[in-house]
Structure formats: C-alpha cells, structure tokens
Protein chains: 2
Amino acid sequence: MGNATVKTRRKPRADSLRNRELLLDAATRIFSVGGPQASLEAVARQAGVGIGTLYRHFPTREALFDAVYRHEVDHLVELAEKLAGEADTVEALRKWLHANVRLVATKKGMIGALQLVAHGSPDLKAYSLERLTGAVRLLLDRTIAAGKTRSDIPPEDLLRTLIGIFYSQSTDDWQPTALRLVDIFVDGLRKR
Amino acid sequence: MGNATVKTRRKPRADSLRNRELLLDAATRIFSVGGPQASLEAVARQAGVGIGTLYRHFPTREALFDAVYRHEVDHLVELAEKLAGEADTVEALRKWLHANVRLVATKKGMIGALQLVAHGSPDLKAYSLERLTGAVRLLLDRTIAAGKTRSDIPPEDLLRTLIGIFYSQSTDDWQPTALRLVDIFVDGLRKR
DNA sequence: TTGATAAACGGAGGAACCCTCCGTATAAAT
DNA sequence: ATTTATACGGAGGGTTCCTCCGTTTATCAA
C-alpha cells in the first residue's frame, strides 16, 4: 500500500529542496544580527533567490522563524549526540552547555526571538523543550552512569537553570558571566 | 541673574506646545493597540499633524516612546495624589493598584513596551521606578499611619510584587487573575 | 498696531519593505 | 523527446520610514 494519500505524488524537485536550505541558512544569519523583525527581502537576497520563492516556502514571517528555530534546536541535539561519544562525560556536558551560551551570545537577535517564542506558538515551545531535554538527558545520564555526578537532578531542571541564566543576564557583556555560572553549576553537580 | 543661557530666548510657541500634547495623546492610543513598533505616520494622522511635525518633536521612535511612557507614569502619580485625599486609606491603595492593572490591560502594547524599557534606557527605568515608588509610598504611609496595615513592607517591595504579577501572567485573559492577586495581596497587608 | 523674523508647520519625495500575482523556466514522469 | 506538475523570479501596488524645504504663523520690538 505504501502511501495513503489520494494520488501518487511526484518526488519533490531538487531545486526546491536546495532553495529551502539556502533560505534557512540565510535567515539564520539575518535574524542573528537583525532580530526577528529583520527584512525578509534581505533574507531572500542573502540566499540568492527571489522574494517570491521565500514566500512560497514560508508563507509568513512566523513560519520562517519557526523553521529557523527548529533548525537551531536540531543542531544542538546533533551536537549532543556527537559529544556523547567523548570519554570525559562531565566535560562533554560542560561543552554542550557552553555551546548553548555561545549560540545565544553570537546570535543576539535570538534573545528577542526567544521572547517571541515564549509568547508564541505552543507547538514550537513544546518541540524545543522536548528535544533539548532529550539532549541534556543524553549527556547527563552518562555522567551519572559513570558515577561522576549526583543523580537527583532531572534534565528538565538543568535546562530550566540554563534558561534562567540566559534571562537573568540582560546586559551587553553577559557572556563571560553566563559561562562562569554554567561552570559553577556543573561543578556543583560533581560528586566529590 | 535669572537665565544663564547666552541670549534671552523667545517664549515657546503655543502651537508647538499644543501639538506636542496632541502627539503624545495620539501615540498613547496608537501604541496601546499596535505595540511599540506601530506606524509613526499613523500617530501623526491620529494627532492631526504632519509627519514632519512628529519628527521635529520626537526625532526617533525611541524618543517618542520614552515621552509616552513618562507621561503615563506621571498620570499614575497624579492619580495617587488624588487618591491620597480619600478617607478609606486601604481602599485608596487598592484602587491605585487596580488602576495599574487596568492600564496595562487596556494598553496591551505596553507589555511588549515594558520589555523594551527593561532593556532600554537606564534613565527611563530609573525615572519610572523612582516616581512610582514615591506614589506607592504616598498611599502606603497613610494606611500605616492609620494603623490599618502592617508596617514592615517597603514601597519598593510592593511595587516589585506588582510588576511580578504583570510578568507572570502572560495569557490573554490575565486581567481578572491579576486583580484577584492584587486583592489578596492587599488583604495580606491588612492588620486584623 | 504693525512689521520683522525666528520658529514651527505640512507634506512631497526617494528609499526600503511587505506581500501577491503570474508569465517563464525546469525537473520529474512517461 | 515530450508532457506537465512545480517551482522560480521579480514587477507592481501599497505602506512606512525619514529628510528636506517652501510656506505659514506666533512672538517680539518699534
């Protein structure tokens, strides 16, 4: 039976897939510096496609932003999977948390974006929370299994702490502070 | 000696003052429904003046927003001064707090605006915090002097609680909840 | 009162952006 | 090779931004 849809669909066109990817990358860059209300025409220009193509792929600004955000979340999950291969489990966890800090630091626009997300689509919120929690769990479980850290901290709490660190630091020069706080927290997790 | 400026300045023109006031009122209305990035041309239209006039009075969007916000704060201070004449001191306090809730509720845009303020000009933040604290103190001291409420709550804490109530409630239908929370808090202040 | 003039006014205009629509181009299927 | 479903690009109409400048007017001095 294979496919339950009415007619056998054509394979999606190669240029379509490629352009979608180009747009996503461009949007990530543009939103990073311009915040979530940056020019969509600039995104299309940056991607090297027509504005019409952008709107066909992402009918609304929201849709584009949603996709970009999911993309970023997926990247973080991938990174976690890669780090899960490292020998030093605690260090792997620490690296992943630092990557989070740097991501938000680099892509300043993301901060404003996060506020939109918080008040925006519950779908997106649920998706990112779930996936990121999974990523943390992946790394955290290994440190626990290795007997390196205390075992009474659920991944959700660790994630919430991370978010709390992002929110509480709203000045320009917050990155070093955030990294330090992360380190302190990780040290706190360590058994001794 | 009077005026230390170089030359004796002319009196500001009457139309200038009037237009400034018109613009401020219009901006309050427009920002209320459209949020802090609403169209400035719409503000000028609403005020019945040319767009050039708007830009002369408020060279940047920030400047206009700043002025509107100060205006609103001043209104709340005036209200506090008026309520300070009421016989029932606790009721006066309650009314003022409710006015705060309704203000933010009516002017939805203010919520987004508050976020801009939080990360924006420290001047504006300091100004509003100071003036509003003064207003609360005015009302709170009277209830304490009348022996109606406990006396160990500084006005700053009361204000922070109010802000906390605004921030924590981010859904559409938050107004009744916020009013209830305010009432509970005021009841908590009461001596019995 | 009556000029003189500093100050304010309005809005045209060029640039950027938003989003839609549709003629053209092209990848997949036959 | 031909067909055709899909995707592409960008012109175009509408909105907003902000500047610039010719015109109007409120103040002040005579």
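Throughout, protein chains are lettered first and strands after them, A, B, ... in sequence-line order, and every chain is numbered starting at 1.
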B/Asp15 has an atom CG; how far is it from atom P of C/dA6, in whole Å?
-> 17 Å
Can a side chain N or O of B/His57 be found less than 4.0 Å away from OP1 or OP2 on C/dC9?
-> yes
Nucleotide C/dC9, atom C1' - distance to CZ of B/Phe58 in whole Å | 15 Å
B/Lys11, nearest nucleotide to its side chain (from C/dC18, D/dC17, D/dT27) | D/dT27
Return the value, rounded to whole Å, for the distance between atom CD1 of B/Ile30 and atom P of D/dC17.
-> 11 Å
Nearest to the side chain of B/Arg45, which nucleotide is it out of D/dA26, D/dT16, C/dA28?
-> D/dT16
Look at the side chain of B/Tyr55 and decide which nucleotide, out of D/dC17, D/dC28, C/dC17, has an atom nearest to it.
-> D/dC17
When rounded to the nearest 0.5 angstrom, what is the spacing between CD in B/Glu72 and CG in B/Leu24?
-> 9.0 Å
Taking only residues at least two apart or on different chains, which pairs with a member in residues 70-95 of chain A satisfy ring pair (Phe, Tyr, Trp, His ring centres under 6.0 Å)?
-> A/His71-A/His75
First encountered from the 5' end of DNA chain D, between A/Pro12 and B/Gly52 = A/Pro12
According to a strict under-4.0 Å criterion, is A/Thr53 in side-chain N/O contact with OP1 or OP2 of D/dA7?
-> no
Is there a donor on the side chain of B/Arg13 or the base of D/dT27 sitting less than 3.5 Å from an acceptor on the other?
-> no
With the side chain of A/Ile51 defined as its heavy atoms from C-beta on, choose the nearest nucleotide among C/dA27, D/dC28, C/dT20.
-> C/dT20
Could you tell me which non-hydrogen atom of B/Leu23 sits nearest to which non-hydrogen atom of B/Ala44, and how far apart they are?
-> CD2-CA, 4.4 Å
Test side-chain contact (heavy atoms from CB on, under 4.5 Å) applied to A/Asp66 and A/Arg70, step by step | CA-CA 6 Å; A/Asp66 185 288; A/Arg70 284 186 148 82; 2.5 Å; yes
Compare side-chain N and O positions of A/Ser39 against OP1 and OP2 of C/dC17 and report whether any pair is under 4.0 Å apart.
-> yes
Selection from C/dA29, D/dA7, C/dC18 that lies nearest to any side-chain heavy atom of A/Arg61 = C/dC18
Rounded to the nearest Å, what distance is computed from the CG atom of residue B/Leu54 to the C1' atom of nucleotide C/dG11?
-> 13 Å
Of B/Ala42 and A/Gly48, the one whose closest nucleotide on DNA chain D sits nearer the 5' end is A/Gly48
Find the distance A/Leu40:CG to D/dT16:C1' and express it as a whole number of Å.
-> 15 Å
Between P of D/dG9 and CG of A/Leu22, the distance in whole Å = 10 Å
Within residues 85-99 of chain A or reaching into it, pairs that qualify as salt bridge (Lys or Arg N to Asp or Glu O under 4.0 Å) - sequence neighbours excluded = A/Glu86-A/Lys95, A/Glu91-A/Arg94, A/Arg94-A/Asp183
To the nearest angstrom, the CZ-C1' distance between B/Arg10 and D/dC28 comes to 6 Å
Given atom CG of B/Asn19 and atom C1' of D/dT25, what is their separation to the nearest angstrom?
-> 12 Å
Among D/dG9, D/dC28, D/dC18, which is the nearest nucleotide to the side chain of B/Glu41?
-> D/dC18
Below 4.0 Å: OP1/OP2 of D/dT6 and any side-chain N or O of A/Ser16 | no
Whether over 12 other heavy atoms sit under 6.0 Å from A/Glu130 CD | no
Donor/acceptor link under 3.5 angstrom from A/Arg56 side chain onto base of C/dT20 = no
So, is A/Arg18 near the phosphate of D/dC8, with a side-chain N or O under 4.0 Å from OP1 or OP2?
-> no
Please work out if A/Arg20 contacts a base, only the sugar-phosphate, or nothing of the nucleic acid, heavy-atom cut-off 4.0 Å.
-> nothing
